[in-house]
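We number each residue from 1, following the sequence as shown.
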Amino acid sequence: MVNSDELDAEQFERLVIDELDLLPDDMVDGLENVIFVTEDRPEDGSLDILGLYDGVALTERGNYGFGELPDRIILYRESLLNLCSSIDELKEQVHVTLVHEIAHFYGIDDAQLHDLGWG
């Protein structure tokens with residue numbers, strides 16, 4: 001487990017931004033009206049959830065239009081720190097979590113992600 005004293009909320013956010021910058025352009029260029037946020041834990045207080053896509057998938061948007069609140073991709077700092085034993089492992093897991101949640105934006109469900117090796 002990476003100690004939360006080693007990586008405070010601001011440092012974790014910087015790590016997430018750095019990992020987001022490393023993702024392929026064709027993956028992130030299509031993201032419309034999406035914000036990335038970090039939080040310590042999910043609302044239920046558990047450490048079981050690493051990230052969450054909170055929004056309407058691109059494939060389900062229909063009449064989605066101007067003025068909609070942005071979708072959110074949330075990464076949970078304490079959950080990710082608890083899972084990883086080193087900073088390098090944390091970076092890798094943040095990368096995987098970002099890809100997983102971005103895939104939900106594009107309408108790819110957990111079963112498809114699992115089949116693709118990202119589940």
Side-chain angles (χ1 to χ4, degrees):
M1 172 171 76
V2 177
N3 189 325
S4 60
D5 294 336
E6 293 177 58
L7 203 67
D8 64 22
E10 186 175 311
Q11 293 167 317
F12 179 74
E13 187 173 318
R14 169 60 23 212
L15 185 145
V16 170
I17 291 167
D18 290 347
E19 289 303 311
L20 186 58
D21 286 345
L22 295 174
L23 294 176
D25 289 342
D26 59 346
M27 181 182 293
V28 294
D29 285 348
L31 296 175
E32 293 179 17
N33 204 30
V34 177
I35 60 171
F36 291 84
V37 296
T38 60
E39 295 180 3
D40 285 336
R41 286 184 183 217
E43 286 183 19
D44 68 3
S46 74
L47 293 175
D48 297 335
I49 300 171
L50 304 178
L52 177 72
Y53 170 66
D54 179 25
V56 178
L58 195 60
T59 55
E60 299 174 10
R61 289 199 172 177
N63 291 332
Y64 186 91
F66 182 75
E68 302 288 338
L69 289 175
D71 293 357
R72 299 183 318 148
I73 292 178
I74 307 164
L75 274 72
Y76 297 110
R77 182 176 71 94
E78 291 178 10
S79 299
L80 285 155
L81 292 177
N82 188 57
L83 179 68
C84 301
S85 59
S86 70
I87 296 295
D88 287 339
E89 188 178 344
L90 177 63
K91 288 178 181 180
E92 181 178 327
Q93 190 57 57
V94 165
H95 179 89
V96 168
T97 304
L98 284 168
V99 169
H100 184 101
E101 302 310 331
I102 289 170
H104 287 318
F105 167 84
Y106 288 113
I108 300 171
D109 65 21
D110 284 332
Q112 292 170 299
L113 282 167
H114 183 73
D115 291 345
L116 295 169
W118 292 98

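Every residue was checked against the side-chain hydrogen bond (donor to acceptor under 3.5 Å, both in side chains) condition with T59, not counting sequence neighbours, and none meets it. Taking the side chain to side chain contact (heavy atoms under 4.5 Å, CB included) definition, one finds that D48 meets it with S46, sequence neighbours left out. Under the rule for a side chain to side chain contact (heavy atoms under 4.5 Å, CB included), the partners of L58 that lie at least two apart in sequence or sit in another chain are R61, F105, Y106. Residues satisfying the side-chain hydrogen bond (donor to acceptor under 3.5 Å, both in side chains) criterion with D54, sequence neighbours excluded, are R72. By the side chain to side chain contact (heavy atoms under 4.5 Å, CB included) test, D26 pairs with P24, sequence neighbours left out. Taking D40 as the reference, R77 meet the side-chain hydrogen bond (donor to acceptor under 3.5 Å, both in side chains) condition, with sequence neighbours excluded. For E89, the side chain to side chain contact (heavy atoms under 4.5 Å, CB included) partners are C84, S85, S86, not counting sequence neighbours. Residues satisfying the side-chain hydrogen bond (donor to acceptor under 3.5 Å, both in side chains) test with E19, not counting sequence neighbours, are none.
Grouping Ile, Leu, Val, Met, Phe, Trp and Tyr residues whose side-chain heavy atoms lie under 4.5 Å apart, directly or via other members, leaves M1 alone, with no other cluster members. Cluster note: L22 groups with no other residue, as no ILVMFWY side-chain heavy atom lies under 4.5 Å from it.
Linking ILVMFWY side-chain heavy atoms closer than 4.5 Å, directly or via other members, places I74 and M27 in two distinct hydrophobic clusters. Hydrophobic clustering, with ILVMFWY side chains joined whenever heavy atoms are under 4.5 angstrom apart, keeps V2 apart from L47.
Under the 4.5 Å side-chain criterion, counting only non-hydrogen atoms from C-beta, L31 is not in contact with D71. Counting only heavy atoms from C-beta outward, the side chains of V37 and I35 approach each other to under 4.5 Å.
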In sequence, state the C-alpha distance, the side-chain angles, and the governing distance for L113 and D110, and then conclude on side-chain contact (heavy atoms from CB on, under 4.5 Å).
-> CA-CA 5 Å; L113 282 167; D110 284 332; 4.1 Å; yes
Take L80 and T97 through the test side-chain contact (heavy atoms from CB on, under 4.5 Å) and record every step on the way to the result.
CA-CA 9 Å; L80 285 155; T97 304; 3.8 Å; yes
- Message: Determine whether I17 and F36 satisfy the following criterion, side-chain contact (heavy atoms from CB on, under 4.5 Å), listing intermediate values before the conclusion.
- Response: CA-CA 9 Å; I17 291 167; F36 291 84; over 6 Å; no
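L7 CG to L15 CG: the interatomic distance, rounded to the nearest 0.5 Å, is 6.0 Å. Atoms CD and CD1, on E39 and I49 in that order, are 11.0 Å from each other to the nearest 0.5 Å. Summarising the geometry, atom CG belonging to L52 is positioned 4.5 Å from atom OH belonging to Y76; distances are rounded to the nearest 0.5 Å. In this structure, D115 CG and I108 CD1 are separated by 11.5 Å, a value rounded to the nearest 0.5 Å. Atom CD1 of I73 and atom OH of Y53 lie 7.0 Å apart (nearest 0.5 Å). The CG atom of L75 sits 8.0 Å away from the CG atom of L50 when rounded to the nearest 0.5 Å.
The two residues L98 and V16 have their closest heavy-atom pair at CD1-O, 4.0 Å.
Within the structure, salt bridge (charged side-chain N to carboxylate O under 4.0 Å, His left out) contacts touching residues 9-18 (residues at least two apart or in different chains) are R14-D18. Pairs of residues two or more places apart, or lying in two chains, never qualify as salt bridge (charged side-chain N to carboxylate O under 4.0 Å, His left out) while including a residue from residues 90-109.
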